[in-house]
Amino acid sequence: MTIVTSYDCPDIDGIACMIAYSEFLNASGMPAKAVYYGDIGLEVKFVQQFTGYFPVEKHSGEYGPDDRFVLVDTADPEAMEPTISPEHVIELFDHRELVFTEQFINARKTIEPVGSCATLIVERLKTHGFVPSPKTATYLYSAIVSSTVDFRNSVTTARDKNAADYLKTLIDLPDDYTKRMFESKSNISADNLYEVIFQDISPKTIGGKKTCIAQIEIANLESTLTALKEELLTVLNRIRKEEHLEYFFFTGVDILKGYNILLTIDGKSEAILSEALGIPRQPEHKTGSILMRKQLWPKIEAVIRRLEK
Ligand SMILES: [Mn+2]
């Protein structure tokens with residue numbers, strides 16, 4: 001069996017790619033299933049409810065010795081389910097600057113800097129003349145819109161726009177679909193703040209130091225963070241302790257107004273962020289345009305590597 005999977009707690013991009021690529025493999029006569037592990041977020045749950053379709057299994061138990069894996073939306077061996085050995089990965093797709101792909105000695109690799117991994121999947125399906133089902137196309141379209149923040153962040157490319165335009169010809173979505181999807185992940189309260197942040201952290205070890213960038217993408221960021229400031233600081237401190245993080249950064253993206261609020265809760269991380277972005281040393285910083293986490297990682301990583309040498 002071919003297992004199509006992604007990183008721990010996949011977002012809508014990972015989930016959409018799993019659903020679409022396993023649909024394509026099955027239609028091509030290669031038995032495949034989409035499997036995720038960890039938890040899924042509010043945005044994935046929105047698309048699940050909207051489509052009434054969720055052909056993805058939550059991983060439990062062990063994989064068989066003959067299982068082979070396709071990784072989507074990640075090429076980071078540290079980010080995948082730990083029982084998968086890199087040599088059993090036969091194919092991978094990712095769209096961000098990357099890390100240790102040399103471990104994937106048997107994998108066909110598609111790693112290209114576009115806004116959404118779903119764009120790479122759409123292009124592959126098109127190459128094979130395979131048209132995804134309308135519900136799958138809805139997942140792929142949602143993934144592109146989400147990853148590019150409605151085509152407004154700077155990782156957006158013409159390829160993302162083309163892929164989304166093509167998908168739109170396959171589906172009929174209400175005019176307010178994007179707004180509804182974005183609002184769905186903005187339902188953040190003191191009750192779910194920990195869960196929302198924790199399900200989307202992916203720590204990395206850089207220069208021997210465990211580092212994490214927590215990200216939320218919501219509407220009404222500033223007022224939400226102001227109202228939940230105390231709870232947010234409590235949650236960040238709790239995660240820092242639980243995960244034994246050496247460096248910890250929080251970034252909030254306002255998906256409607258297009259800016260970030262960056263926070264740090266310790267002096268060392270504050271100093272790194274200040275150097276990485278060339279901004280004054282302060283625990284809170286508001287940007288003028290959207291900075292995605294995948295853009296922040298290489299800047300922070302470069303400063304940490306220099307420091308830890
Ligand atoms: Mn992605």
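Everything numeric here is computed off the predicted structure, so don't read it as measured data. Whatever order the structure lists them in is the order used to number ligands and atoms, beginning at 1. Residue numbers count from 1 along this sequence. Atoms considered below: every heavy atom in the structure, side chains included; atoms not considered: hydrogens, waters and symmetry mates.
- With respect to Glu91, the side-chain contact (heavy atoms from CB on, under 4.5 Å) criterion is satisfied by exactly one of Leu25, Leu71, Val70: Val70.
- Coordination check, His95 versus the Mn ion (ligand 1): passed, since an N/O/S atom of the residue sits under 2.8 Å.
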Indicate every side-chain donor-acceptor pair of residues 140-149 with a distance under 3.5 Å to a residue at least two apart or in another chain.
{"from": "Ser142", "atom 1": "OG", "to": "Thr138", "atom 2": "O", "distance (Å)": "2.7"}
{"from": "Ser142", "atom 1": "OG", "to": "Tyr177", "atom 2": "OH", "distance (Å)": "2.7"}
{"from": "Ser146", "atom 1": "OG", "to": "Glu43", "atom 2": "OE1", "distance (Å)": "3.0"}
{"from": "Ser146", "atom 1": "OG", "to": "Glu43", "atom 2": "OE2", "distance (Å)": "3.0"}
{"from": "Ser147", "atom 1": "OG", "to": "Ala143", "atom 2": "O", "distance (Å)": "2.8"}
{"from": "Thr148", "atom 1": "OG1", "to": "Ile144", "atom 2": "O", "distance (Å)": "2.7"}
{"from": "Thr148", "atom 1": "OG1", "to": "Phe151", "atom 2": "N", "distance (Å)": "2.9"}

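- For the residue pair Ser133 / Thr136, a side-chain donor-acceptor distance below 3.5 Å is found, with atom types taken as modelled.
- Asp13 contributes atom OD2 as its closest N/O/S atom to the Mn ion (ligand 1).
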Considering only distance and modelled atom types, tabulate donor-acceptor pairs under 3.5 Å from the side chains of residues 53-66, sequence neighbours left out.
{"from": "Lys58", "atom 1": "NZ", "to": "Gly38", "atom 2": "O", "distance (Å)": "2.5"}
{"from": "His59", "atom 1": "ND1", "to": "Tyr63", "atom 2": "OH", "distance (Å)": "3.3"}
{"from": "His59", "atom 1": "NE2", "to": "Gly61", "atom 2": "O", "distance (Å)": "3.2"}
{"from": "His59", "atom 1": "NE2", "to": "Glu81", "atom 2": "OE1", "distance (Å)": "3.4"}

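- Within Asp73, the N, O or S atom at minimum distance from the Mn ion (ligand 1) carries the name OD1.
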